[in-house]
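Below, read A as the first sequence line, B as the second, and so on, with proteins coming before strands; counting in each chain starts at 1. Being a predicted model, the structure only gives us computed values, none of them experimental.
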Protein chains: 2
Amino acid sequence: MTASLPSPEERLRAAGQRVTAQRVLLLRLLDESKEHLDAEGLYERARREMPDINLSTVYRNLAVLKEAGLVEQRYFAREHGREYFEPSTSAEHYHFTCLSCGRVVEFETPLIARVRAELQARHGVRVRHACICFEGICADCAARGQTVPPSKEIIPHDPPSHV
Amino acid sequence: MTASLPSPEERLRAAGQRVTAQRVLLLRLLDESKEHLDAEGLYERARREMPDINLSTVYRNLAVLKEAGLVEQRYFAREHGREYFEPSTSAEHYHFTCLSCGRVVEFETPLIARVRAELQARHGVRVRHACICFEGICADCAARGQTVPPSKEIIPHDPPSHV
DNA sequence: AGCTTTTTGCAAATGATTTGCAAAAAGCTA
DNA sequence: TAGCTTTTTGCAAATCATTTGCAAAAAGCT
């Protein structure tokens, strides 16, 4: 799964960015987890291998990597105000977040690409980036009667896959 | 355009919320501007008529009104970390934000509703809310050669309609 | 009018993200 | 590989939007 992608060093060089131990580490962690991590999450993982790494370094590098197209920012409705990232290599998909338990459901659909195409065609704009996310009640929570917009407290009934 | 919708007072009562001068004012301002306002923007407008209104009151009431379904939160990719609101009465539409000039293009499409329907059908979830937004370069900026992800500085070439 | 509950204004807290700065590391170049 | 220039790092303090605690004021009964 991670077999054919260039190493963090190569990707950094290819993008014309300096290769620092911190960047290499962050890229690798992002690759490995193949999941949505925010700066704090990345920081936690990173300091396990590089105890002196600083949170602001993580933020700064996420900005650099994003600018360079090496990572992509993902959005979750529930998590507005918190920025999540995935390696740019992951497949195009979208997210649904359960308001009750926090579970994240990933799904694919060609329709968003069509929306983008139509938007570009009809308005002459060039779409560079999209934020698409849904939230509501997942099947399990619905089954156990969770139908109303519940308290802000999220009680995971099952560990969300990205934790 | 605003002819047939119930007054702020009526809407508040119908939603089982207390009718306070502040809430009535905020709802009215939201109706009048028919545009995307954030808490700060609403606050600015509100204090012109009610100089002692407090920013935290605006925040608290936006939360209440949102919970009651009287206003809806809108999302702009560029504005992540800032919460925008529109009256719930406005038609379903989506936003494209120009990274270069800040212009907001509104557009409609039935495809998002289909995505939602498919998501619900295929995963058994109940979608309560969606965040759909696009960003990139608008036609005008493209015409004047703005094609790269420019600096954070946004130079409006034309006052965006919502200011 | 009197009583109870909700809301308000104010100030201070929060939480994520950013910034200034001097020291350290990266990427040349000779 | 040493020397030099530019970028990056760690740290602490700052910022910015949003939230919260609290006592006084207003709303909604009766």
Scan [X] against the nucleic acid and name what it touches under 4.0 Å (heavy atoms): base, sugar-phosphate only, or nothing.
| X | value |
| --- | --- |
| A:Arg60 | base |
| B:Asp38 | nothing |
| A:Val64 | nothing |

query = Starting at the 5' end of DNA chain D and moving along, which residue's nearest nucleotide shows up first, B:Ser56 or B:Arg18?
reply = B:Ser56
inquiry  = Assuming nearest nucleotide by heavy-atom distance, tell me which of B:Leu55 and A:Ala21 is located more 5' along DNA chain D.
reply    =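 The residue mapped nearer the 5' terminus is A:Ala21.
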request  = Inspect the surroundings of CZ in A:Arg74 and state if more than 12 heavy atoms from other residues, nucleotides or ligands are less than 6.0 Å away.
outcome  =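 Yes, because the 6.0 Å sphere around CZ of A:Arg74 holds more than 12 heavy atoms from other groups.
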Go ahead and name the base partner of [N]; Watson-Crick or wobble counts if both distances stay under 3.5 Å, otherwise write none.
| N | result |
| --- | --- |
| C:dA23 | D:dT8 |
| D:dC29 | C:dG2 |
| D:dC16 | C:dG15 |

query = Taking CG from A:Asn54 and P from C:dT17, how many angstroms apart are they, rounded to a whole number?
reply =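 It is 15 Å, rounded to the nearest whole Å.
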task = Determine, stepwise, if the pair B:Glu49 / B:Arg28 fulfils salt bridge (Lys or Arg N to Asp or Glu O under 4.0 Å).
result = CA-CA 12 Å; B:Glu49 301 188 35; B:Arg28 182 164 62 69; 2.5 Å; yes
ask   = Between B:Arg103 and B:Asp140, does a salt bridge (Lys or Arg N to Asp or Glu O under 4.0 Å) hold up when you go through it step by step?
value = CA-CA 10 Å; B:Arg103 166 180 294 177; B:Asp140 287 6; 3.3 Å; yes
Without hydrogens or angle criteria, can the side chains of [X] and [Y] be said to hold a donor-acceptor pair below 3.5 Å?
| X | Y | value |
| --- | --- | --- |
| A:His129 | B:Glu135 | yes |
| A:Glu108 | A:His93 | no |
| B:His123 | A:Glu106 | no |

query = What are the 5'-most and 3'-most nucleotides of DNA chain D lying under 4.0 Å from any heavy atom of chain B?
reply =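 It runs D:dA17 to D:dG28.
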task = Can you see which heavy atom on A:Phe85 is nearest to which on A:Lys66, and at what distance?
result = CE2-CD, 4.0 Å
request  = Would you tell me if any nitrogen or oxygen in the side chain of A:Tyr59 comes within less than 4.0 Å of OP1 or OP2 on C:dT18?
outcome  = no
inquiry  = By nearest heavy atom, map A:Glu40 and B:Gln17 onto DNA chain C; which one lands nearer the 5' end?
reply    =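 Nearer the 5' end of the strand: B:Gln17.
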